[in-house]
Each structure stands twice: as structure tokens, then as C-alpha cells.
Amino acid sequence: MSAFLNQFPATDPGGILDLRDRQFAAELIATALLHLDLFTWLEANPGVTSAAIAEHFGIKERPTDVMLTLCRAYGFVAGDPNRVSLTPMGREHLVKGSPWFLGPYFVPVRDTPVVRGFLDVLRTGKPGNWQAKSDGKGWHESMLDPEFAREFTELMNSRGLVFGQALARELTPLLGPRRTLLDVGGGSGIYSSTLVAHHPQLRASVLEQSPVDVITRSEIARHGLEEKVEVITADMFANDWPQSEIILLSNVLHDWDFPEVRLLLERAAKALAPDGLLVIHDAFIRDDKSGPVAVAEYSALLMNITQGKCYTPMELGGVLTDLGFRVGLFHDTVAHRGFLHAMKGGSP
Ligand SMILES: C[S@@+](CC[C@H](N)C(=O)[O-])C[C@H]1O[C@@H](n2cnc3c(N)ncnc32)[C@H](O)[C@@H]1O
């Protein structure tokens, strides 16, 4: 087994990861400021609901939520997530007609491809194409292309090594006697590999689609873990999942909108053994949608390339409770990531 699978790096990579995660946040603000003139409208309509904002601007619910969460995290708007009002800073600097209006400062980014992409996402609710290849495919479709899948899986694998260590450590008190782990949409299998490295009693199955499954197999072989980690080639939406005592959904739900999230959680409920443990490892927005800033920024990136966003523990907890799970606490791990756990029946 690779020695580094259960070692932490000596320094914290959080700041470096933040740089990439925040890459498009400024452009989402520029879109709101220069294309929607959102803040001037909010000045005239204080306490408005996010549904009314979406209706007024002809934009969809998911990207509206991500945009407003980012504005709240930056301190431009405040109040209950469903009653949006400007803060003094938003009123002073983002409203046309204010002597301190900073709109002109953003004009150089008004027509970048990313801003154009955000406008499309806001209006259609569909993910943009900017990060996929020039053939105009979205991220999900691009992941079916071997070369794109290789590059993107390497991207996720590079952060997964650190995140996996932290997850493996923080999960220790929750594992109990459970021995089987199903890692759905497991990418390179790095979370299964780190979990098995830290907890020798575990055996893992990584469920992945083609062509990523080929990469998963070769990564697991590179770590010398073929005896402990198997790969199941399957479509997580279309195929039943094998029974398991632990199910891990790591950075999977954030790729999808609510109907798909619900479907995946239903599949998890069906496949989990009685008293099974569901672990949702991701970047989580706080329940009041006030941040953290780094996660609100990352959610802007996800909204642009995928059909998802970063969810709150309450949003996912609501679905889990409906499905009969007992929802546990949110646990922070590293670099603004964390996990929510839930038990099928029994106590959390
Ligand atoms: C954002 S990545 C997360 C990978 C890994 N779990 C991690 O945390 O780094 C989402 C993964 O879901 C996989 N995926 C997407 N649609 C899928 C499907 N229909 N069936 C199986 N896997 C799928 C992708 O191939 C990709 O590896």
C-alpha cells in the first residue's frame, strides 16, 4: 500500500485550494451588478423573496439561490434567506446613483465568457460550457470523454488525498463494527483508498461510470489495494446499488439539482444495511446561507459547470428525514470541507 495514504501533509493547503475554488465568484457578482443591476432593484424592493427576485429577472431558482448566497456571504445583502434586503455596504457601493457606486470598476469583466456563461445559467438553469472542451459539451457530458475524464479525475484526486485523510480521521468514532463501504461516484477511488488505509477492517467498492472506472482501477492498483478495493462499473442513476454498511457520497450531490439529489439519496436508503451509515462529504453552506465565503464562492463555480451547487445541512437533512434517516451532526474537516452523517434507522 502507498505509504502516503495515511499521512497528512506538513502544511495546510487550504489557501491554495481557495484560490481555485473562488476563481469565478467575482464574475458572478459582475453579472448581478452589471447585467441584472440587482442591487439597484433591491434598493427599491427591500425584504423581497428569492422567488420574487427570480421571477422579476426571469432567472431560475438554483442559480438565483447561489447568487444570493454569495451576495449574503460577501455582506451585500442580509436577512432571512427568504427575505432579501441590502446591507449598508450594498446600498452605498452597489446601487446606481449612489456617489460611492462601484459598478464602473467591474466594467472590464462585463463581457468575459464566464460572465456570459453565468447569464446563460441564470436564465436557463442549465450548466455552462466554459470549462469543458471547445466542442461545447457540458461537464457531465465531457466526463464521458476519456481525455477530459482523465484530466478532471486527476484534479479531484489531487485534493482528495488531503481531504481523504481528514475524512478518514474524523469518521473514526462513527464507523463502529461496520466493514463494507460503497463509494458512489468515487472518482479515482482516493477516498476508499485512504479510508481503507486508515481503517484496515474496511473493504470498499467504488461505483463509477465508464470511462472513469478505468482510471479508478489503475489508481487502486497503483496503491496496491486491489485486494481491498473493488470497482463496480455502473450508472448510479440507472442501476441498483449493492448493499453496504457504509455509503459514501463524496462531492457527488453538489453536481446535481434537487430531483437528482433526492433520487441518489433514495438509492442510498435502499442500498444501506439496517443501522447503516451514510456519509455525505462535501463543501456545505451554513443553514442561514450566510457563508462560509469560501463555500459560497465554490458554489458559484459549481453552479456554472454542473447542475448543482453547495447545499446546506438543512436542505439535505430535510430529504434524509423524509426518507427515514436519523440525521447526525455536520462535521468540519479541512479546507472548508466537511461531512454530514445519517443512520438508517437507529440513533444518529
Ligand atoms: C465531482 S466527482 C467526485 C469524485 C469523488 N467522489 C471525489 O470526491 O473526488 C463526481 C463523480 O461522479 C461520477 N458520476 C457522474 N455521473 C455518474 C453516473 N451516472 N454514474 C456513476 N458515476 C457518475 C463522475 O464520473 C465523477 O467521478
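Computed from a predicted model, the values in this text were never measured in an experiment. Start at 1 and go down the list; that is how both ligands and their atoms are numbered.
- Each of the atoms 19 (N) of ligand 1 lies under 4.0 Å from some heavy atom of F237.
- Less than 4.0 angstrom separates some heavy atom of S250 from each of these atoms of ligand 1: 3 (C), 5 (C), 6 (N), 7 (C), 8 (O).
- Tracing side-chain contacts under 4.5 Å through hydrophobic residues (I, L, V, M, F, W, Y), one reaches M89 starting from M67; they form part of the same cluster.
- Residue A238 places every heavy atom at 4.0 Å or more from ligand 1.
- Nearest protein heavy-atom neighbour of atom 5 (C) of ligand 1: G185 O, 3.4 Å.
- Under a hydrophobic-cluster definition in which Ile, Leu, Val, Met, Phe, Trp and Tyr are linked whenever side-chain heavy atoms come within less than 4.5 Å, directly or via other members, V295 and V77 are assigned to different clusters.
- In this structure, G186 has a heavy atom closer than 4.0 Å to ligand 1.
- In terms of N/O distances under 3.5 Å, ligand 1 is not approached by D183.
- In terms of protein heavy atoms, atom 19 (N) of ligand 1 is closest to D235 OD1, 3.1 Å.
- Minimum heavy-atom separation, G291 to A73: CA-CB, 3.9 Å.
- Residue contacts with ligand 1, taken as heavy atom pairs separated by less than 4.0 Å, involve N251 via backbone and side-chain atoms alike.
- Checked against the 6.0 Å centroid threshold, Y191 and F163 do not count as a close aromatic pair.
- Closest to atom 13 (C) of ligand 1, if we only count protein heavy atoms, is E208 OE2, 3.3 Å.
- Both M236 and L316 belong to a single network of hydrophobic side chains, linked directly or stepwise wherever heavy atoms of I, L, V, M, F, W or Y lie under 4.5 Å apart.
- Proximity of W241 to K270: side-chain heavy atoms (C-beta onward) are nowhere separated by under 4.5 Å.
- If you check the side chains of S50 and N82, you find a donor sitting under 3.5 Å from an acceptor.
- Tracing side-chain contacts under 4.5 Å through hydrophobic residues (I, L, V, M, F, W, Y), one never reaches V214 starting from L155; they form parts of separate clusters.
- M236 N, 2.8 Å is the protein heavy atom nearest to atom 20 (N) of ligand 1.
- Within ligand 1, the atoms closer than 4.0 Å to a non-hydrogen atom of A234 are 20 (N), 21 (C), numbered from 1 in the order shown.
- Each of the atoms 25 (O) of ligand 1 lies under 4.0 Å from some heavy atom of V212.
- Under 4.0 Å from ligand 1, the heavy atoms of Y191 that appear belong solely to its side chain.
- Residue D255 has no nitrogen or oxygen atom sitting less than 3.5 Å from a nitrogen or oxygen atom of ligand 1, judged on distance alone.
- By the criterion of side-chain heavy atoms lying less than 4.5 angstrom apart, applied directly or through intervening Ile, Leu, Val, Met, Phe, Trp or Tyr residues, Y74 is not grouped with L302; the two fall into different hydrophobic clusters.
- Looking from atom 2 (S) of ligand 1 to the surrounding protein, the closest heavy atom is M156 SD, 2.9 Å.
- In this structure, R20 is not positioned above the aromatic face of Y298 in the sense of NZ or CZ being under 6.0 Å from the six-membered ring centre and within 45° of the axis.
- The nearest protein atom to atom 14 (N) of ligand 1, hydrogens excluded, is given as Q209 NE2, 3.6 Å; this is a heavy-atom distance.
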